[in-house]
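We number each residue from 1, following the sequence as shown.
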Amino acid sequence: MEYRWLSNKEIEEDVNPVLALHGMALLNINEAIPTCQVLGAFEDGHLIQFLAVQLFPVLGPMVRCDNTIRDNGIVSRELAERMHNYMDDCEARAFLVIADNPFTGRICERHKLKQVTSPVYVKIGHRKAN
């Protein structure tokens, strides 16, 4: 078994079609600013499995700083609308939303976002000590 990092051409030709078949967001390949790296496992020169690390837009948290102002959610809805428009304008291939409260979840549903059913994990503070 050979393990190695894939070239951008290999990501485009070998990885992205597999992601498309699985209904997953394609990897964003940027020559100037690396936005993804893919580690592949090869047998006899044939890619059999890969694992990607990628920059992926994550929206959230949405936090209210001043709880004395009551607006019936108008500000939250406007922030969500403007952010959604921004993601459309940027032609984002996909994005995640951290819906850490029921109101944020309702906004996501209003914008027809699909709720992730796969387990999602987080590692916080993953840095080597100096």
Side-chain donor or acceptor of Asp14 paired with backbone N/O of Leu47 under 3.5 Å: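 No, because the side chain of Asp14 does not come within donor-acceptor range (under 3.5 Å) of the backbone of Leu47.
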Interatomic distance, [X] atom [atom1] to [Y] atom [atom2] [nearest 0.5 angstrom]:
X      : Y      : atom1 : atom2 : answer
Lys114 : Cys108 : NZ    : SG    : 14.0 Å
Leu113 : Gln115 : CG    : CD    : 10.5 Å
His84  : Arg110 : NE2   : CZ    : 12.5 Å
Met87  : Leu59  : CE    : CG    : 5.0 Å
Ile29  : Cys36  : CD1   : SG    : 5.5 Å
Leu79  : Thr104 : CG    : OG1   : 10.5 Å

Report whether [X] and [Y] are members of the same hydrophobic cluster (ILVMFWY, side-chain heavy atoms less than 4.5 Å apart, transitive linking).
X     : Y      : answer
Met24 : Ile11  : yes
Val18 : Phe42  : yes
Phe56 : Val120 : yes
Val15 : Leu39  : no

Please check if the number of heavy atoms outside [X] that lie under 6.0 Å from its [atom1] is greater than 12.
X     : atom1 : answer
Asn72 : CG    : no
Ile33 : CD1   : no
Asn85 : CG    : yes

For [X] against [Y], the heavy-atom pair lying closest together:
X      : Y     : answer
Asn16  : Leu27 : OD1-N, 2.8 Å
Ile107 : Ala80 : CG2-CB, 3.3 Å
Leu6   : Gly40 : CD1-N, 3.3 Å
Ala52  : Val38 : CB-CG2, 4.0 Å

So, using side-chain hydrogen bond (donor to acceptor under 3.5 Å, both in side chains) as the criterion, who are the partners of Thr35 when residues are at least two apart?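 Partners of Thr35 by the side-chain hydrogen bond (donor to acceptor under 3.5 Å, both in side chains) criterion come out as none, since no residue qualifies.
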Under the side-chain hydrogen bond (donor to acceptor under 3.5 Å, both in side chains) test, which residues partner Arg93, sequence neighbours left out?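 Counting only residues at least two positions away or on another chain, Arg93 forms a side-chain hydrogen bond (donor to acceptor under 3.5 Å, both in side chains) with Gln54.
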Are [X] and [Y] packed together at the side-chain level, in the sense that at least one heavy-atom pair is separated by less than 4.5 angstrom?
X      : Y     : answer
Gln37  : Trp5  : yes
Ile48  : Met1  : yes
His111 : Glu81 : yes

With the threshold set at 4.0 Å, does a side-chain nitrogen-carboxylate oxygen contact exist between Glu10 and Arg4?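 Looking at Arg4 together with Glu10, the answer is yes, because their closest N to O distance falls below 4.0 Å.
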Tell me the salt bridge (Lys or Arg N to Asp or Glu O under 4.0 Å) pairs involving residues 65-79, sequence neighbours left out?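 Non-adjacent pairs meeting salt bridge (Lys or Arg N to Asp or Glu O under 4.0 Å): Arg64-Asp71, Glu78-Arg82.
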